[in-house]
Amino acid sequence: MSYNHQAIEKKWQDRWDETGIFYAKDNDPREKFYCLVEFPYPSGAGLHIGHPRSYTALDVVSRKRRHQGKNVLYPIGWDAFGLPTENYAIKTGRKPQDITKENTDTFRRQLKSLGISFDWSREVNTTDPNYYKWTQWMFLEFFKAGLAYKTTQPINWCLSCKIGLANEEVVNGRCERCGGDTEKREKEQWMIAITKYADRLLEDLDTVDYMEKIKIQQRNWIGKSEGALISFKVDPSPGPVTPWINVFTTRPDTLFGTTYLVLAPEHELIEQIATDEQMLEIMAYVEAAKKKSEIERGSDEKEKTGVFTGAYAINPVTGKKIPVWVADYVLGGYGTGAIMAVPAHDERDFAFAKMFELPIVKVVEPEVLQNIIHPDVGISHGMQSDVKVVHECFTGEGVAVNSGEFTGQKTEEMKKNIVAWLETEGHGEASVNYKLRDWVFSRQRYWGEPIPLVHCDKECQVETKGWVPVPDDQLPVVLPEVEKYEPTDTGESPLATIEDWVNTTCPACGGSAKRETDTMPNWAGSSWYFLRYIDPHNNETFADQEKLNQWMPVDLYNGGMEHTTLHLLYSRFWNKFLFDRGHVPVSEPYARRHSHGLVLAEDGTKMSKSKGNVVNPDEIVSEYGADALRMYILFMGPFEEPVPWNLNGLIGVRRFLDKIMRYVSEWDESAAVDGGKIIEPHLKKASDDIDAFKFNTAVSTFMMLFNELGQKKITRDQLKRLLIVLCPFAPHVANEAWEMIGEEGLVEEQPWPEFDEALLVRDQVELGVQVNGKTRSAIVIAPDADEATAREAAFADENVKRHTEGKEIVKVIYVPGKIFNIVVK
RNA sequence: GGGCCGGUGGCGGAACCGGUAGACGCGAGGGACUUAAACUCCCUUGGGGGCAACCCUGUGCGGGUUCAAUUCCCGCCCGGCCCACCA
């Protein structure tokens, strides 16, 4: 017998809709549980088979919590701004608004067909003006706090999207969205000063329960390093004002080994200090470096290039003149865009020095060498004349050599002392650097939130360089209708072409003014959506304070690892900022963060449209049913690991669901026997596995349970308990079965079972018996039997006798319930 | 190059805190039911040996700790993901 999934799934989904049983309740005395999944980007392709993995898993958790009497908020919405929709609009000439409407309708239908217990009354959409009104309002909060600023600086530019990208969006020199080539470009951009929060984003990781690998990845991305800022005086001075070159280093202790300086090609001092003879060559090099795409620059395989500027600077500790070079192995965006090169103790500097025959001076030795009498100690640390060719580079810590008065100090000690010396001499100071960059927040695109600023023609607001916020009562600044969605040839947003929208009046002085035509990146709306779910229809504020107090923080948040350095970091930052402004009650938005693995194609590779190995959830649901898809996707493997899709596996799960329905239809109360000893341990295991995120073994536990039951009919109460625990996994089947046995109402209304300890303990276990660690037999014995009993049973066993007879028994190890091991000689 | 994760049957995977390796599912083989098929049910299924009871071997490779290692330690090899000239 095979149950009719189409009929029963529709039936119960309608019942859930009618009763509103999954709606979260504000002002409710029950304990709250806020369960969150990353809301999807509603693409034209429809739901990906990977989506249900995360949604189903957290659905199981949410459903269990409801059974346990919690007031659960499990919402869903649409992260709908973004390039694919815009590109589709360009291709078809249709409005992105219309395309989005169609796509979200599809996604909603697909998600509902899975029976996921979302609270559909709280659906949000980032492209809804009632939503992005608040995204804009929050941007203005950043602006008013001085954290949003416009600047011209080299940014990552995607050549095919014609769009500026944040660091986080550039993957191996390619655009994260389209995979196209990127290069550095000078462009005016709105930035948000996320770096001001770098320390707190780092430190507060200790206060949250994230999977360790997520924390590690965020720490690495923030990339805090401590060191020193050191100033080198250019000598001879190229003009009346003597320029100084500032460098950041994590190894100030190697200053004596600094034999040259290197500036990034973008460095502002280059033109000023380069000598006339070198100028042509330098300019050519700088130009070439600019044109190099990020890919080329990265793929140079350590082959170093560079040009001498002709200028020299003074090493403050040795007093020696050292040459200043320009090379693109130094990054303009990190530190000061200039480095002190210590070829003896840095691989990159070493490679460069060898290439251009620059001096290499050893100033650190591994500590172990210090115990050996060393002829080098004490030799002068001069330049050219006494340079020995060093054949390898030592980057570790150790003891200083060739370092004047500091010689003999350990690295840690020397770092402190040299920084103190630099500070007194006015040549430098202790300093901290981060890899994290400020967030490039402008997009020259149509399909995003307009940045709600106006530039006053008279620049009446001097301190903000003429930029004036659109007043709150004029928000949202609604996206105007345009003819064409293409970015303009000048690299400006299509909005720039709508004159009567661009031209406006200055909110401050009433004079003429122009609107900002850039839009926000698609990360904007997703940075705070978890707050809007709490009060999605509020028109007075983004969410009511009382309700925020009630619901925040999110108790459990699941999403993909690919968002660890993007969305997850951005939204933590955004929430912290709102917290500082007094708008949200907690500093960290997510108490616990989990991540899921990808669902791969059957061949173990990523699913992709081009390879044609994509699985369509609609087909699966219509052919095998939502419950089969739900249970299979949980069963296929460990939740956090990637697993290949396998249709036969899904069919196996469907067979199991048929087996359950068959059991229930054949179930006969009058023939019931006590099955407590069978079902109780299994139900307990399945229940525990939910909290441990071990959904795969939870499903297999149900299978084992039915294998053990066989034809045995359990009591009504026992069957009911079973169906309640099954319900989070296969809610349609559980409800249908519930009705089949004549029970009223919905399974969702039932409390989670309390497990009876007495039924969990087993009276007999099979205990392995080993001789010298090799399993030779097994005995059936009480799990808590004493050693004498176990010993008797074990030595009575024929097989054990055969392996022990005539041998000296050295000792026996008996671990009750685990093992009985006899050591013989 | 760095960080993280992983490597167990033909396949996906299980094994709690070191305690009978291979649960559960798929696939395969055999059988029952059927006029036949589908469905369902039963048996077998890591490799090698043996009629059998059983024996040997086995969790990427090489060592080690232990009564006992898929699990812990050391050294390698391979794969995946993320980051990557970050001073």
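Remember, predicted model here, so these are calculated numbers, not experimental data. Proteins come first, then strands; the chains are lettered A, B, ... in the order of their sequence lines, and each starts at number 1.
Separation of the C1' atoms belonging to B/U59 and B/G7 is 9 Å when rounded to the nearest angstrom. Across the C1' atoms, B/G3 and B/G13 are found 27 Å apart, a figure rounded to whole Å. Between the P atoms of B/G27 and B/C33, the separation comes to 23 Å (whole Å). Here, B/C56 and B/A69 have their P atoms 15 Å apart, quoted to the whole Å. Spacing between B/C17 and B/G2 at atom C1', rounded to whole Å, works out to 32 Å. If you take atom P in B/G63 and the same atom in B/C82, they sit 36 Å apart, rounded to whole Å. When the C1' atom is used for both B/G19 and B/U70, the distance is 13 Å, rounded to whole Å. A distance of about 12 Å separates the P atoms of B/G22 and B/U45, rounded to the whole Å.
In the set B/G25, B/A15, B/C85, B/G25 carries the atom at the smallest distance from any side-chain atom of A/Met703. Of the listed nucleotides (B/U20, B/C67, B/G27), B/G27 has the atom at the smallest distance from the side chain of A/Arg655. Side-chain atoms of A/Asn220 lie closest to B/G3 of the nucleotides B/C41, B/G3, B/G6. Picking from B/G13, B/C24, B/A87 the nucleotide with the shortest atom distance to the side chain of A/Ser700 gives B/C24. The listed nucleotides are B/U40, B/A23, B/C55; the one nearest the side chain of A/Arg662 is B/U40. Checked against B/C16, B/C24, B/A87, the side chain of A/Lys818 finds its nearest nucleotide in B/C16. With distances taken from any side-chain atom of A/Lys774 to the nucleotides B/A15, B/U20, B/U57, the minimum falls on B/U57. Taking only side-chain atoms of A/Lys659, from C-beta outward, the nucleotide of B/C41, B/C67, B/U40 with the closest atom is B/C41. Minimum atom distance to the side chain of A/Trp221 is reached by B/C83, of the listed B/A87, B/C56, B/C83. Closest to the A/Pro638 side chain, of the nucleotides B/U20, B/C24, B/G13, is B/G13.
Spacing between atom CD1 of A/Ile216 and atom P of B/C83 amounts to 15 Å, rounded to whole angstrom units. Distance CD (A/Gln770) to P (B/C67): 13 Å, rounded to an integer number of Å. Between A/His563 atom NE2 and B/C81 atom C1' the separation is 15 Å, expressed in whole Å. Rounded to whole Å, atom P of B/G80 lies 14 Å from atom CG of A/Asp603. One can place CE of A/Met561 at 10 Å from P of B/C5, the figure rounded to the nearest angstrom. In this structure, CZ of A/Arg219 is placed 16 Å from C1' of B/C83, rounded to the nearest angstrom. As a whole-Å value, the separation of A/Lys694 NZ from B/C24 C1' is 14 Å. Taking atom CG on A/Leu657 and atom C1' on B/G25, their separation rounds to 13 Å, with Å as the unit.
By the rule that a glycosidic angle within 90° of 0 means syn, B/C78 does not qualify and counts as anti. Annotated as anti: B/G58, whose O4'-C1'-N torsion sits more than 90° from 0.
A distance-only check finds no donor-acceptor pair linking the side chain of A/Thr56 to the backbone of A/Arg53 [under 3.5 Å]. The backbone N or O of A/Leu647 lies less than 3.5 Å from a partner atom in the side chain of A/Glu602, making a donor-acceptor pair.
Taking only distance into account, the side chain of A/Lys213 never meets the base of B/C82 through a donor-acceptor pair shorter than 3.5 Å. Side-chain to base pairing of A/Asn648 with B/C26: no donor and acceptor N or O lie closer than 3.5 Å to each other.
Checking B/C4 for Watson-Crick or G-U wobble geometry (two distances, each under 3.5 Å) identifies B/G80 as its partner.
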query: So A/Arg251 and A/His345, side chain to side chain contact (heavy atoms under 4.5 Å, CB included) or not? Walk me through it.
result: CA-CA 9 Å; A/Arg251 291 297 299 272; A/His345 305 290; 5.6 Å; no
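One distance of note links CZ of A/Phe232 with CG of A/Leu261; it measures 5.0 Å at 0.5 Å rounding. With rounding to the nearest 0.5 Å, the separation of CE in A/Met661 from CH2 in A/Trp667 is 14.5 Å.
An OP1 or OP2 oxygen of B/C55 is reached within less than 4.0 angstrom by a side-chain nitrogen or oxygen of A/His803. Look at A/Asn707 and you'll find a side-chain N or O under 4.0 angstrom from OP1 or OP2 of B/G25. Within the 4.0 Å cut-off from OP1 or OP2 of B/G19, not a single side-chain nitrogen or oxygen of A/Thr775 is found.
A cation-pi contact links A/Arg654 to A/Tyr3, judged by a cut-off of 6.0 Å to the six-membered ring centre and 45° from its axis. A cation-pi arrangement is not found for A/Lys304 relative to A/Phe352, the charged atom failing to lie both closer than 6.0 Å to the ring centre and inside a 45° cone about the ring normal.
At a threshold of 4.0 angstrom between heavy atoms, the contacts of A/Val643 are confined to the sugar-phosphate backbone, with no base atom among them. As judged by a 4.0 angstrom heavy-atom cut-off over every strand, A/Ile813 is placed among the base-contacting residues. Within the 4.0 angstrom heavy-atom criterion, no nucleotide atom of any strand lies near A/Lys685. Among the atoms of the strands shown, only primed sugar atoms or phosphate atoms (P, OP1, OP2) are found under 4.0 Å from some heavy atom of A/Gln217. Looking at heavy-atom distances under 4.0 Å, A/Asp349 makes no contact with the nucleic acid at all. The residue A/Glu212 sits apart from the nucleic acid: no heavy atom pair falls under 4.0 Å. Backbone-only contact: A/Gly652 has heavy atoms under 4.0 Å from sugar-phosphate atoms and none from a base.
Along RNA chain B, the nucleotide closest to A/Val699 and the one closest to A/Leu767 are compared, and the more 5′ of them pairs with A/Leu767. Where A/Lys435 and A/Gly817 each meet RNA chain B at their nearest nucleotide, the meeting point lying more 5' is that of A/Gly817.
For A/Arg593 and A/Glu640, the salt-bridge test fails: no basic side-chain N is under 4.0 Å from an acidic carboxylate O.
Heavy-atom minimum distance, A/Met631 versus A/Val699: O-CG2, 3.9 Å.
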